[in-house]
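Worksheet: the structure to be examined is printed underneath.
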Amino acid sequence: MPSHFEVIEEDCIGCGLCSQRAPENFEVPADTRLALVFKQPETFAEEEACLEASDYCPVGGVQVGAVDADSSTGGAQATLIPAGDSTPVNFAS
Ligand code: SF4
């Protein structure tokens, strides 16, 4: 299963590098100037582009994690790791 990606809104500066690297998954709406993941990657190529987007983000504002579809809570959960930080952060979806 491809990785799960999220943008840390507090860190995003709206530079648009992520949407340039992964236009099938990231966008920066003109009204907010904050990046968002409008579609999680569904293919290996999209996942690679999203990982590249994470690497290119100048503020480490793209979190990458794996989705646990067999969560005991009954819903999918993503364990996300901010760029440059080895401490996992759990988000219930
Ligand atoms: S590359 Fe990072 S800072 Fe730039 S728009 Fe995307 S998430 Fe925001």
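None of the values given here were measured: they were computed from a predicted structure. Both ligands and their constituent atoms are indexed starting at 1 by order of listing.
- Of the inter-residue distances, the one linking Ser19 atom OG with Glu24 atom CD reads 11.5 Å to the nearest 0.5 angstrom.
- Counting heavy atoms closer than 4.0 Å to ligand 1, residue Ile13 contributes atoms from both its backbone and its side chain.
- Among all protein heavy atoms, the one lying closest to atom 8 (Fe) of ligand 1 is Cys12 SG, 2.4 Å.
- Considering CD of Gln63 and SG of Cys57, their distance stands at 11.0 Å, rounded to 0.5 Å.
- Under the 4.5 Å side-chain heavy-atom criterion for Ile, Leu, Val, Met, Phe, Trp and Tyr, Leu51 and Val37 are members of the same hydrophobic cluster.
- With ligand atoms numbered from 1 in the order given, ligand 1 contributes 1 (S), 2 (Fe), 3 (S), 7 (S) to contacts under 4.0 Å with heavy atoms of Cys57.
- Using a 4.0 Å cut-off to heavy atoms of Ala35, the atoms of ligand 1 that qualify are 5 (S), 6 (Fe), 7 (S), 8 (Fe).
- Atoms of ligand 1 found under 4.0 Å from any heavy atom of Gly14 (numbered from 1 in listed order, with element): 5 (S), 8 (Fe).
- Shown in contact with Val59 at under 4.0 Å from a heavy atom are these atoms of ligand 1, numbered in order with element: 3 (S).
- A donor-acceptor distance shorter than 3.5 angstrom exists from the side chain of Glu47 to the backbone of Ser3, with no hydrogens or angles considered.
- Closest to atom 5 (S) of ligand 1, if we only count protein heavy atoms, is Gly16 N, 3.3 Å.
- Taken from CG in Leu34 to CD1 in Ile8, the straight-line distance is 12.5 Å, to the nearest 0.5 Å.
- With a cut-off of 2.8 Å, atom 4 (Fe) of ligand 1 has an N, O or S atom of Cys15 in range.
- Atom CG in Leu17 sits 12.0 Å away from atom CG in Asp55 (nearest 0.5 Å).
- Close approach of ligand 1 to Cys18 (heavy-atom distance below 4.0 Å) involves ligand atoms 1 (S), 5 (S), 6 (Fe), 7 (S).
- Between the side chain of Glu27 and the backbone N or O of Leu36 there is no donor-acceptor pair closer than 3.5 Å.
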